[in-house]
Amino acid sequence: MYQEKTATLTANEAKNYTLEQKKTHTHTIAKLGILSCLAFVLMLLEFSVPLMPAFLKFDFSEIPALLASFSMGPLAGVIVEFVKNLLHLPFTTTMCVGELANFIIGSSFVAVAGLIYKKHSTRRAAYLSMFFGTLAMALVGCVFNYFINIPFYVNVMGFQMDAIISLTNASGNTLVHDLPSLITWVFVPFNLIKGAVISVAVGFLYMPLRPLLKK
């Protein structure tokens with residue numbers, strides 16, 4: 001009799017555990033969906049930055065991805081980056097290379113920040129994680145733009161390097177005269193500034209939103 005009762009309790013506990021898992025998974029998927037859609041909308045609200053060429057746009061779509069990374073782990077942030085760029089593909093003007101760049105560079109930011117914060121979930125660690133995430137984004141941005149993005153525009157889409165340099169100079173940035181200086185004086189400061197702005201925004205938003213994101 002005791003064994004039957006124990007077996008019944010164990011079965012009920014297993015059933016409750018499975019239901020709780022399904023509920024947690026459903027909540028996680030719902031939060032990822034909401035954050036991904038918000039990131040997509042923010043990605044559409046892009047704008048030009050002073051001293052930067054017109055083809056380089058700033059947006060705040062890393063904010064939802066970083067919130068996901070902090071609250072649900074670095075993989076969640078990468079998923080938000082992937083989904084937002086997938087949703088943006090119908091609007092692409094770069095044969096999807098722009099979306100690929102946004103995914104890879106943005107993912108480096110949220111993944112590094114999320115990994116550090118996951119190990120040390122304190123306010124100080126959060127700011128440190130965003131600092132190192134910003135550095136990672138700038139570094140990955142340098143490599144990707146130097147070896148893939150700019151060569152694609154020049155060799156596949158038919159842009160002239162001189163035209164890209166002229167466009168950059170026309171924005172007021174006269175330090176650019178070749179590809180290395182374009183990387184140094186455009187993409188590096190752009191990603192550092194973007195990382196800093198996103199970090200400040202998430203620094204204000206995460207703590208008030210944390211109970212909702214962790215729910």
Side-chain angles (χ1 to χ4, degrees), residues 39-66 77-78 80-82 84-113 127-203:
F40 166 64
V41 172
L42 290 174
M43 192 176 182
L44 293 176
L45 303 176
E46 60 185 12
F47 54 92
S48 299
V49 179
L51 302 179
M52 299 293 167
F55 61 81
L56 199 58
K57 303 290 188 180
F58 189 101
D59 65 70
F60 293 97
S61 61
E62 265 66 50
I63 292 177
L66 192 53
V78 173
V80 171
E81 287 285 338
F82 177 77
K84 76 162 186 182
N85 280 288
L86 189 65
L87 293 173
H88 195 266
L89 287 180
F91 304 92
T92 187
T93 57
T94 63
M95 296 175 63
C96 304
V97 172
E99 285 72 24
L100 178 62
N102 188 283
F103 170 69
I104 292 175
I105 297 171
S107 292
S108 67
F109 177 38
V110 301
V112 169
Y127 286 109
L128 280 174
S129 71
M130 290 187 288
F131 171 76
F132 285 110
T134 298
L135 293 182
M137 181 166 64
L139 177 60
V140 172
C142 286
V143 174
F144 188 88
N145 283 296
Y146 188 89
F147 290 104
I148 298 175
N149 205 28
I150 298 303
F152 172 82
Y153 280 105
V154 172
N155 299 321
V156 178
M157 295 195 71
F159 282 72
Q160 297 296 319
M161 192 66 209
D162 289 342
I164 295 175
I165 293 171
S166 297
L167 191 63
T168 305
N169 294 157
S171 69
N173 188 339
T174 58
L175 297 171
V176 176
H177 52 81
D178 56 13
L179 179 55
S181 60
L182 178 68
I183 300 298
T184 303
W185 299 110
V186 171
F187 290 103
V188 171
F190 178 85
N191 284 317
L192 290 176
I193 292 169
K194 184 173 185 178
V197 172
I198 298 299
S199 297
V200 170
V202 171

Next on the checklist: Are more than 12 heavy atoms, taken from residues, nucleotides or ligands other than M161, located less than 6.0 Å from that residue's CE atom?
Outcome noted: yes
Measure across [X] and [Y] and return the closest heavy-atom pair with its distance rounded to 0.1 Å.
| X | Y | value |
| --- | --- | --- |
| L44 | H88 | CD2-CD2, 3.7 Å |
| A39 | S61 | O-CB, 3.1 Å |
| L179 | I150 | CD1-CG2, 3.7 Å |
| V140 | S108 | CG2-CB, 3.7 Å |
| V78 | A111 | CG2-CB, 4.1 Å |
| G141 | I105 | CA-CD1, 3.7 Å |

Nearest 0.5 Å please: distance from the [atom1] atom of [X] over to the [atom2] atom of [Y].
| X | Y | atom1 | atom2 | answer |
| --- | --- | --- | --- | --- |
| N145 | I148 | CG | CD1 | 9.0 Å |
| F55 | T93 | CZ | OG1 | 12.0 Å |
| M137 | N191 | CE | CG | 5.0 Å |
| F109 | I198 | CZ | CD1 | 6.5 Å |

Next on the checklist: If you define the side chain from C-beta out and look only at heavy atoms, does anything of V110 sit under 4.5 Å from L66?
Outcome noted: yes
Next on the checklist: Taking the side chain as everything from C-beta on, heavy atoms only, tell me whether V112 gets closer than 4.5 Å to S129.
Outcome noted: no
Item to check | Residue pairs passing the ring pair (Phe, Tyr, Trp, His ring centres under 6.0 Å) test where at least one lies in residues 127-155, sequence neighbours excluded | outcome: Y153-F159
Sequence-distant partners of [X], side chain to side chain donor-acceptor pair (under 3.5 Å), two or more places apart:
| X | value |
| --- | --- |
| S181 | D178 |
| N85 | N102 |
| T92 | T94, E99 |
| E62 | K84, K194 |

Next on the checklist: side chain to side chain contact (heavy atoms under 4.5 Å, CB included), that's the test. Do F60 and L45 meet it? Break it down for me.
Outcome noted: CA-CA 8 Å; F60 293 97; L45 303 176; over 6 Å; no
Next on the checklist: Below 30° counts as parallel, above 60° as perpendicular, anything between as tilted: where do the rings of F82 and F103 land?
Outcome noted: perpendicular
Checklist entry - Using the ring of each side chain (for Trp, its six-membered ring), is F58 parallel, tilted or perpendicular to F47, with breaks at 30° and 60°? => result tilted
Next on the checklist: Working note: V186 + L56, criterion side chain to side chain contact (heavy atoms under 4.5 Å, CB included); need CA distance, chi angles, decisive distance, verdict.
Outcome noted: CA-CA 9 Å; V186 171; L56 199 58; 3.6 Å; yes
Next on the checklist: Apply side chain to side chain contact (heavy atoms under 4.5 Å, CB included) to residues E81 and I104 and explain how you reach the verdict.
Outcome noted: CA-CA 9 Å; E81 287 285 338; I104 292 175; over 6 Å; no
Only pairs under 3.5 Å count here: list side-chain donor-acceptor contacts from residues 165-173, not counting sequence neighbours, and write none if there are none.
| unit_1 | atom_1 | unit_2 | atom_2 | d |
| --- | --- | --- | --- | --- |
| S166 | OG | D162 | O | 2.8 |
| T168 | OG1 | I164 | O | 2.9 |
| N169 | ND2 | N173 | O | 2.9 |
| N169 | ND2 | V176 | O | 3.1 |
| S171 | OG | T168 | O | 2.5 |
| N173 | OD1 | L175 | N | 3.2 |
| N173 | ND2 | L51 | O | 3.4 |
| N173 | ND2 | W185 | O | 3.0 |

